[in-house]
Amino acid sequence: MGIFKNGFSKKGLWLLLSTCAFPIHVWTLVMFFRDFSWISERTNTWDAIGVGSYGLMIAFIESLFVFTIALGLSLLLPQKWSEDKRISIVGAAVLLIAFWAIAGQLYFLMEIHFPSRIIQFAARNSHPLWVIYGAVLVAVGSTIALAGYMLIKSENVQENTLALFERLSTLSALYIFLDFCGLLVVVIRNL
Amino acid sequence: MSELINRRDFLKLAGLLGIHATLPQFKLFYPKSNSISEGPSSDNPNILIIVFDAWSAYHLSINGYPRETMPNLAELGKKAVIFHNHYSAGNFTTPGTASLLTGVLPWSHQAISFNDVLRDEYLHQNIFSAFGDYHRIAYSHNFLVNTLLTQLSGEIDDYIPREELFLERDRLIELLFSTDEDIATVSWVRALKKGGDHFSYSLFLSEIYEKLKSLQFNEIRANFPLGIPSINVDNYYLLENGIDYLQNLFMDATSPFLGYFHFLPPHEPYNTRNEFSGRFAEDKYFPAKKPPHLFSQGQKSSNQKKWRTLYDEFILYADAEFARLYHFLDQSGFLENTWVILTSDHGELFERGIIGHLTPVLYEPVIRIPLLIFEPGRTESLHIYEKTSGIDILPTLLKVTGRDIPVWVEGEVLPPYNGGNEMDNERLIFSLQARGTDKNDPITKATVALIDGDYKLIYYFGYDELGDGNEMIELFNIKVDPEELNDLSSNQFEIAQSLLVKIKTKLDDVNRPYY
């Protein structure tokens with residue numbers, strides 16, 4: 001029961017949820033706008049809006065999922081830390097992981113190719129896949145570790161991070177409103 | 001057949017073996033009626049129509065294709081009527097299948113857009129209604145066909161849901177979004193399934209979904225090096241299950257029956273079985289070089305070559321499984337009273353910068369399709385070179401079963417079943433691509449192919465790419481130039497204009513009610 005003693009305030013919960021929702025919805029909308037024209041051409045515009053609506057519903061579910069994980073992770077942080085500090089660290093971790101997830105998809109979307117020297121280096125190894133996974137883990141882990149360190153050590157960085165989250169929360173509120181519009185569209189389409 | 005085992009016991013044993021092989025993979029669906037077959041009569045034979053989706057006649061070794069894509073069919077064809085110049089009415093599933101099922105051209109049934117439905121009058125003017133005294137069974141892997149079959153379900157006694165022959169079912173979509181299944185499925189695929197593209201709407205759930213899916217079906221996956229065949233990324237299916245189902249059908253269905261079975265191979269993804277993978281990878285076959293078309297997708301020739309090879313290897317899979325079905329029917333005696341029609345709904349293209357069939361063009365590989373008829377008692381092959389159409393199958397089946405051909409049918413009875421009469425020399429073969437045309441609108445943007453004797457005119461109109469005038473024609477002599485390399489529209493202007501007048505006259509008739 002002790003771990004719930006220092007739970008988040010409503011504002012803190014909203015800030016964390018909106019931070020989780022932001023990159024998920026941005027990517028969903030980017031991908032949807034990319035698909036809009038071919039889906040409209042395939043059948044019609046209403047169907048294209050339908051695809052976007054289902055996509056936003058899934059984005060909302062995914063946001064809740066990530067928020068739940070983030071909330072769980074925040075409980076692992078020292079409870080003596082202030083709410084602001086815990087939110088800024090967990091929120092930053094979520095944003096960075098989302099950034100790397102987007103980068104991973106962009107790698108395929110934009111058909112980027114690693115320089116052949118890097119491919120050859122991995123191929124020379126007896127477990128090339130482990131080399132790649134290891135490199136990814138180092139890249140992702142180090143950015144999160146660095147961000148975490150800076151947030152712990154510097155109040156300034158922490159304040160600026162929270163200010164960023166508050167700005168993002170406005171957009172996230174719009175996205176979540178769109179999610180409910182999407183839900184309405186899905187209900188209408190299934191009547 | 002051994003004297004120690006009678007026909008009934010043989011069939012039971014063969015059926016049990018089929019069930020045993022497939023039970024771990026799917027729940028077997030039996031037709032609702034449980035009558036044990038008394039056997040069809042010669043007046044009312046069973047009719048089995050098998051459609052292999054996106055199967056191009058251009059890629060058939062029995063049509064002269066350099067690759068041996070159908071070694072089994074080449075052998076089985078020695079007891080079939082083989083139609084070498086058979087054309088689909090459209091270049092994708094909806095119009096091609098709708099024309100086969102109704103015996104009329106796309107502008108009549110008006111199922112011409114993607115996932116379109118028939119005009120209401122064809123709910124009771126189709127192959128199922130024409131054989132109302134038969135037990136009618138239908139199945140399709142392809143959801144576009146299911147849209148049509150759902151519309152005609154009032155005339156189908158056993159309409160098998162397509163998910164019954166999947167390795168697993170997307171029960172969530174069926175349960176929650178059955179009214180909007182098409183778009184819900186598209187959204188599910190785009191949002192959660194990265195597939196070969198490696199990107200999706202979802203950042204995190206898609207990863208978890210992929211990991212869970214990759215743990216399933218490991219044993220089956222070992223047999224398919226490119227992945228288990230699927231529809232919409234992970235609706236996995238095995239053609240083997242479809243063929244096993246057909247074997248059981250013969251044992252248990254009420255006879256006589258009319259069965260329409262539409263299987264996905266060789267439609268992409270071209271995930272062939274292990275023993276066929278790589279069969280053509282190192283061969284010396286190089287297709288004729290053709291310049292990129294106005295409607296090119298920008299596909300490089302190396303890409304076209306690669307995908308053509310995978311497609312040809314996927315055809316080998318369909319060939320092997322059809323042979324398995326044929327041998328079962330032959331050994332069990334069912335062929336004595338069953339007409340087997342083997343055909344396709346449209347072809348596939350790997351040239352001119354284009355891969356696939358969702359394209360404005362109507363070149364031979366995408367509209368010339370296989371048709372083989374295995375009729376009871378035939379022991380020698382017969383090769384038909386007259387131009388025929390998918391709309392001819394319905395009147396032919398009516399004729400061979402002694403039924404009158406309704407006036408609404410536009411197709412003709414195929415030789416040799418037309419009493420030895422030559423097909424009408426004036427007959428025109430049409431194929432139409434008008435995706436995007438609404439049922440309530442005239443056709444203003446489309447491609448029409450007209451085959452008249454040795455000549456083929458392709459007429460494009462309404463496309464933005466055509467610029468001012470919005471029209472373009474291509475004329476080929478497909479007898480001397482089957483690869484359609486030499487456009488004769490300038491050199492043989494009079495012939496081109498004569499065919500163009502025929503097309504425009506037809507279009508005027510079709511569009512008149514809208515003006």
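Per chain, numbering begins at 1; letters A, B, ... match sequence-line order. Treat the numbers as computed from the prediction; the structure is a model and nothing was measured.
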Atom [atom1] of residue position [X] - does it have more than 12 heavy atoms of other residues, nucleotides or ligands inside 6.0 Å?
{"X": "E41(A)", "atom1": "CD", "answer": "no"}
{"X": "R221(B)", "atom1": "CZ", "answer": "yes"}
{"X": "M472(B)", "atom1": "CE", "answer": "yes"}
{"X": "W81(A)", "atom1": "CH2", "answer": "yes"}
{"X": "F177(A)", "atom1": "CZ", "answer": "no"}
{"X": "K439(B)", "atom1": "NZ", "answer": "yes"}
{"X": "N218(B)", "atom1": "CG", "answer": "yes"}

So which heavy atom on [X] is nearest to which on [Y], and how close?
{"X": "S200(B)", "Y": "W27(A)", "result": "O-NE1, 2.9 Å"}
{"X": "F204(B)", "Y": "A101(A)", "result": "CE2-CB, 4.3 Å"}
{"X": "I183(B)", "Y": "R189(A)", "result": "CG1-NH2, 3.2 Å"}

Contact origin within [X] toward chain B - heavy atom pairs under 4.5 Å:
{"X": "I102(A)", "answer": "both"}
{"X": "T28(A)", "answer": "both"}
{"X": "A59(A)", "answer": "neither"}

field: Part of residues 47-54 of chain A lying next to chain B, heavy-atom separation under 4.5 Å
entry: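 Answer by number: D47(A), G50(A), V51(A), Y54(A).
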message: If the contact rule is any heavy atom under 4.5 Å from chain B, which residues of residues 29-37 of chain A qualify, in numerical order?
response: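 M31(A), F32(A), R34(A), D35(A), listed by number.
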Spacing of [atom1] belonging to [X] relative to [atom2] belonging to [Y], to within rounding of 0.5 Å:
{"X": "T179(B)", "Y": "N190(A)", "atom1": "OG1", "atom2": "CG", "answer": "5.5 Å"}
{"X": "L192(B)", "Y": "I58(A)", "atom1": "CG", "atom2": "CD1", "answer": "4.5 Å"}
{"X": "I39(A)", "Y": "F114(B)", "atom1": "CD1", "atom2": "CZ", "answer": "11.0 Å"}

- prompt: ring pair (Phe, Tyr, Trp, His ring centres under 6.0 Å) with F295(B): which residues, sequence neighbours excluded?
  reply: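 With sequence neighbours excluded, F295(B) shows a ring pair (Phe, Tyr, Trp, His ring centres under 6.0 Å) to H293(B), Y460(B), Y463(B), given in chain and number order.
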- prompt: Counting N and O atoms only, with roles assigned by atom type, does the side chain of Q105(A) sit under 3.5 Å from a partner on the main chain of S202(B), one being a donor and the other an acceptor?
  reply: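 At least one qualifying donor-acceptor pair exists.
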field: side chain to side chain donor-acceptor pair (under 3.5 Å) contacts touching residues 138-157 of chain A (sequence neighbours left out)
entry: W100(A)-T143(A)
message: Counting only non-hydrogen atoms closer than 4.5 Å, does L358(B) touch chain A with its backbone (N, CA, C, O), its side chain (CB onward), both, or neither?
response: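 Looking at L358(B), nothing touches chain A.
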